[in-house]
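Predicted, not measured: the structure shown is a model, and the values here were computed from it.
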Amino acid sequence: MIRLLAILLAFAAAPALAQQTIKIGLVTALSGQSARAGEAITRGLAVAIDEINAKGGILGRKLELVRRDDEATPAKGVIAARELVFKEKVAVLFGGLDTPVSLAIVPIMNENKIPFMGPWAAGTPITRNGAKDNYVFRVSAVDEIVNRAMLQYSQKTFNAKNCGMILVNNPWGESNEKGLMAALGAKGMKPAGIEKFEGNDVDVVPQLTRLRNAGADCLFLVGNVGPSAQVVKSLDRMGWKPPIVSHWGPAGGRFTELAGPSAKDVHFVQTYSFFGRQTPVGDKVLKALMAKYPDVKGPGDVTPAVGVANAYDAMMLTALAIQAAGSTDGPKLRDGFYKIARYDGLIKTYDRPFTAENHDAVNENDYVWTQFIDNQILPVGMKK
């Protein structure tokens, strides 16, 4: 009888204990060619959550990370988001490695008034979505800002005057086409040409041939790991070696393995690197990663660093928002993001990172240009 009573009390206590945690949801690619990026986001969140929980959590409650794999597919991302929101009752949802997935999730979060934090997907319309009550925030790149940086970098580094675009044919590519056209137009320039490719294309030679014939002296590349690798391999087959200035798609997975030796010729944007001299926050995060994950022996094993850094800072800022709100209620928490004053983060020191008019915490001054050297992402010009 005593044993039965103990079991019944344990079951009765379980829901109460479960309610003690604040659930943080994550929808991202945990399988496929971009799985490494999804794992990087996971690790950034996990290290931040460990740090927060070690100090007692927030509002007297520990944080709990709950993940779902969207397989880089919008439909599966929507299913995963709905499960985390309605079944798991997450206070905040992180995610959208891919812009199309994020764009599919945005309406769900705005309609249900639950904050959606983006640590990767860079499509401009994700945060600038036109909703009257916007619950979408981001600690990541923003296409239209990256696009201005891409043009500036191509001119400064390669003296480019007639760049062509080679873009994935999806909403992310569309976002970058719009941003690149605006960046070029602001300087009275036009592209040599605009070419698109599908995510499963294995031969991009026809599109690249048209750009070469149009006199392109550099290429603006936008695509995730697999398709970006096919662009590089197609250039190899053509024997054409124009400078390649890319968004950060190649950083998200097995790019060097898929693209081959010419992977090193792609210069792409990041928000952070664990190479070189680190801030105290950088040292702390790197040590935490090495302690938690046996495969991390040093900076070269934190890959892609952008996923870790964006997710870590985003989680820390979210914690500050919860603290400022004094609640996990959606509308109160949304307003809590506006109350964040200053935070010494990993990427930078944030000073009022979010306002009602601006839901993007990272700007054009926060980018690092990188390339693959011996399968490691290093700042351009840095030697191992």
Can you give me every donor-acceptor pair (side chain of residues 318-327, partner residue at least two apart or in another chain, under 3.5 Å) with its distance?
residue, atom, partner, partner atom, Å
T318, OG1, A314, O, 2.7
S327, OG, D329, N, 2.9

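- Every residue two or more places apart in sequence or in another chain that forms a side-chain hydrogen bond (donor to acceptor under 3.5 Å, both in side chains) with R237 is listed here: D203, S234.
- Remark: S31 OG to E39 CD distance equals 12.0 Å, nearest 0.5 Å.
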Distance-only donor-acceptor hits, side chain of residues 45-54, under 3.5 Å, sequence neighbours excluded:
residue, atom, partner, partner atom, Å
D50, OD2, K292, NZ, 2.8
E51, OE1, Y312, OH, 2.7
E51, OE2, K284, NZ, 2.9
E51, OE2, Y312, OH, 3.4
N53, OD1, L63, N, 2.8
N53, ND2, L63, O, 3.0

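- In this structure Y135 satisfies the side-chain hydrogen bond (donor to acceptor under 3.5 Å, both in side chains) test with no other residue, sequence neighbours excluded.
- Here the options are D143, D360, D313, the test is salt bridge (Lys or Arg N to Asp or Glu O under 4.0 Å), and the partner is R138; only D360 passes.
- No side-chain donor from either of N224 and S34 sits under 3.5 Å from a side-chain acceptor of the other.
- Taking Y293 as the reference, nothing meets the side-chain hydrogen bond (donor to acceptor under 3.5 Å, both in side chains) condition, with sequence neighbours excluded.
- The aromatic rings of H267 and Y153 are tilted relative to each other, their planes meeting at an angle between 30° and 60°.
- Below 30°, between 30° and 60°, or above 60°: for F268 and F372 the angle between ring planes is between 30° and 60°, a tilted geometry.
- Between W120 and W248, the angle of the ring planes lies from 30° to 60°, which puts this pair in the tilted group.
- Contacts of T42 classified as side-chain hydrogen bond (donor to acceptor under 3.5 Å, both in side chains), with partners at least two apart in sequence or in another chain: R67.
- Other residues, nucleotides and ligands contribute more than 12 heavy atoms inside 6.0 Å of the NZ atom of K264.
- Checking K187 against Q155 by side-chain atom types alone, a donor-acceptor pair falls below 3.5 Å.
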